[in-house]
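First the structure, in the form of structure tokens, and then the observations on it.
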Amino acid sequence: MIDKLLNFLEVDAAAKRSGKILSDLIAPQLDGIIERFYARVQEFDINPHVTDKAIASLKSRQKQHWIELFNSQFGEEYLRNVRRIAVRHRDIELDPMWYIAGYMRLKLAFIEVIIRSNFPVEAKGHLIKALDQYIAIDMALALGTYDTVVLD
Ligand code: HEM
């Protein structure tokens with residue numbers, strides 16, 4: 001199933017190489033980006049489970065997930081993790097509308113990092129395209145899991 005999804009989104013060798021570049025570029029900014037993300041989620045009162053205490057551990061778990069997404073080449077461990085993460089969001093009854101909007105807010109912050117980088121314009125375009133592919137995969141797998149998977 002993952003191969004079909006990767007093929008559909010045309011995730012080829014070049015896109016996979018871009019994953020490593022995205023990771024190197026975005027990882028150093030992730031702490032600040034994720035902190036601002038949860039502050040925004042709290043400000044908008046989106047889900048009661050996003051407490052100050054939860055945020056402390058969520059910051060490192062979410063950071064780890066982005067780094068794994070960009071580097072894992074979509075292996076078994078990544079697939080297991082993405083299913084577990086989706087089930088956690090389902091358990092806290094996160095409305096898919098907010099889940100998707102959350103992904104998009106984070107994506108916009110990542111695009112800002114790409115825009116501010118020193119890569120030539122064309123390379124920035126390729127990185128944004130690859131970023132979209134990575135996020136589409138994570139989102140498709142996460143939301144595709146919402147109604148189907150039961151964890152022990
Ligand atoms: C408005 C949108 C979101 C809200 C309100 C939200 C809220 C939460 C909450 C409350 C948890 C803790 C669940 C638990 O441990 O029981 C959680 C876990 C997590 N969230 Fe989100 N989340 C949102 C979007 C996202 C997005 C877009 C990502 C990026 C992929 C993400 C990544 C994670 C990760 C990696 C965990 C840890 C899951 C684990 O390993 O146990 N979240 N989220």
Side-chain angles (χ1 to χ4, degrees), residues 1-6 8-11 15-117 126-152:
M1 191 265 278
I2 179 71
D3 288 339
K4 194 169 175 179
L5 181 61
L6 295 178
F8 182 72
L9 291 167
E10 295 179 19
V11 178
K16 287 185 180 176
R17 278 195 301 277
S18 296
K20 165 94 180 82
I21 301 171
L22 286 170
S23 179
D24 290 347
L25 199 60
I26 293 170
Q29 312 284 334
L30 274 174
D31 286 337
I33 290 173
I34 295 171
E35 198 163 322
R36 287 190 288 281
F37 171 70
Y38 283 119
R40 188 82 172 168
V41 168
Q42 277 192 321
E43 190 191 330
F44 279 72
D45 209 4
I46 284 170
N47 187 283
H49 295 270
V50 183
T51 59
D52 290 345
K53 187 161 170 267
I55 288 175
S57 95
L58 281 178
K59 279 198 278 196
S60 68
R61 285 191 280 167
Q62 189 176 139
K63 180 178 180 178
Q64 203 183 334
H65 180 65
W66 287 113
I67 292 171
E68 185 183 28
L69 170 65
F70 294 138
N71 291 288
S72 71
Q73 311 290 335
F74 315 105
E76 273 307 311
E77 196 180 342
Y78 161 73
L79 293 174
R80 251 196 320 277
N81 286 337
V82 82
R83 279 194 289 270
R84 189 199 61 249
I85 293 165
V87 169
R88 298 271 178 273
H89 290 100
R90 189 185 65 190
D91 288 348
I92 62 159
E93 297 183 354
L94 177 61
D95 186 322
M97 179 183 88
W98 290 115
Y99 203 2
I100 292 168
Y103 268 108
M104 290 306 109
R105 247 206 100 79
L106 289 156
K107 185 173 90 171
L108 294 172
F110 297 162
I111 289 175
E112 279 293 332
V113 176
I114 297 171
I115 290 172
R116 278 188 268 109
S117 72
H126 284 297
L127 286 174
I128 291 172
K129 184 180 164 200
L131 176 68
D132 250 323
Q133 288 170 307
Y134 278 86
I135 291 189
I137 289 160
D138 206 68
M139 240 168 68
L141 292 172
L143 283 147
T145 301
Y146 248 48
D147 288 333
T148 52
V149 167
V150 180
L151 289 188
D152 299 331

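All values below come from the heavy atoms of this structure, side chains included, with hydrogens, waters and symmetry mates left out. We count ligands from 1, going down the list as the structure has it; atoms in each ligand are counted the same way. Starting from 1, each residue takes its place in the sequence as its number.
- In terms of protein heavy-atom proximity, atom 29 (C) of ligand 1 is closest to W66 CZ2, 3.6 Å.
- By the criterion of a heavy-atom distance under 4.0 Å, the side chain of D138, and not its backbone, is placed next to ligand 1.
- Within ligand 1, counting atoms from 1 as listed, the ones closer than 4.0 Å to a heavy atom of V41 are 1 (C), 5 (C).
- Taking a cut-off of 2.8 Å, the protein N, O or S atoms nearer than that to atom 21 (Fe) of ligand 1 are H89 NE2.
- Scanning all protein heavy atoms for the shortest distance to atom 1 (C) of ligand 1 gives W98 O, 3.5 Å.
- Under 4.0 Å from ligand 1, not a single heavy atom of F44 appears.
- Considering CG of D24 and CZ of F70, their distance stands at 11.0 Å, rounded to 0.5 Å.
- For D31 and K59, the salt-bridge test fails: no basic side-chain N is under 4.0 Å from an acidic carboxylate O.
- With hydrogens left out, the protein atom closest to atom 30 (C) of ligand 1 is H65 CD2, 3.5 Å, a heavy atom.
- Separation of atoms CZ (R36) and CG (L106) is listed at 10.5 Å; rounding is to 0.5 Å.
- Residue contacts with ligand 1, taken as heavy atom pairs separated by less than 4.0 Å, involve L106 solely via side-chain atoms from C-beta onward.
- One distance of note links CD1 of I33 with CD of Q62; it measures 10.0 Å at 0.5 Å rounding.
- If you take NE2 on H65 and CG on L30, they are separated by 11.5 Å, rounding to the nearest 0.5 Å.
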Ignoring hydrogens and angles, write down the donor-acceptor pairs under 3.5 Å from the side chains of residues 130-137, residues two or more places apart or on other chains.
| residue | atom | partner | partner atom | Å |
| --- | --- | --- | --- | --- |
| D132 | OD1 | K107 | NZ | 2.5 |
| Q133 | NE2 | L9 | O | 2.9 |
| Q133 | NE2 | E10 | O | 3.0 |
| Y134 | OH | A15 | O | 3.1 |
| Y134 | OH | K16 | O | 3.4 |

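- In this structure, NZ on K129 lies 11.5 Å from CG on L127, to the nearest 0.5 angstrom.
- In summary, the atoms of ligand 1 found under 4.0 Å from a heavy atom of V50, numbered by their order in the structure, are 5 (C), 7 (C), 10 (C).
- In terms of protein heavy-atom proximity, atom 27 (C) of ligand 1 is nearest to Y103 N, 3.6 Å.
- Checking only distances, N47 never comes within under 3.5 Å of ligand 1, N or O to N or O.
- For the residues R84, Q42, K63, the heavy atom positioned nearest atom 40 (O) of ligand 1 is part of R84.
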Going by atom type alone, with no hydrogens or angles, which donor-acceptor pairs under 3.5 Å involve a side-chain atom of residues 93-100 and a protein atom two or more places apart or on another chain?
| residue | atom | partner | partner atom | Å |
| --- | --- | --- | --- | --- |
| D95 | OD1 | M97 | N | 2.8 |
| Y99 | OH | H89 | ND1 | 3.1 |

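- In this structure, CZ in R116 is found 12.0 Å from CD1 in I111, a value given to the nearest 0.5 Å.
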Show me the donor-acceptor pairs within less than 3.5 Å that the side chains of residues 51-58 make with the rest of the protein, sequence neighbours left out.
| residue | atom | partner | partner atom | Å |
| --- | --- | --- | --- | --- |
| T51 | OG1 | A54 | N | 3.1 |
| D52 | OD1 | Q42 | NE2 | 3.1 |
| S57 | OG | R61 | NE | 3.4 |
| S57 | OG | R61 | NH2 | 2.9 |

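- Side-chain contact annotation: N71 with Y78, donor-acceptor N/O pair under 3.5 Å absent.
- Scanning R61, K107, H49 for the heavy atom closest to atom 15 (O) of ligand 1 points to R61.
- For the 3.5 Å distance criterion, the side chains of D91 and H49 fail to qualify, holding no donor opposite an acceptor.
- Taking every heavy atom of I92 and a limit of under 4.0 angstrom, the matching atoms of ligand 1 come to 7 (C), 8 (C), 9 (C), 10 (C).
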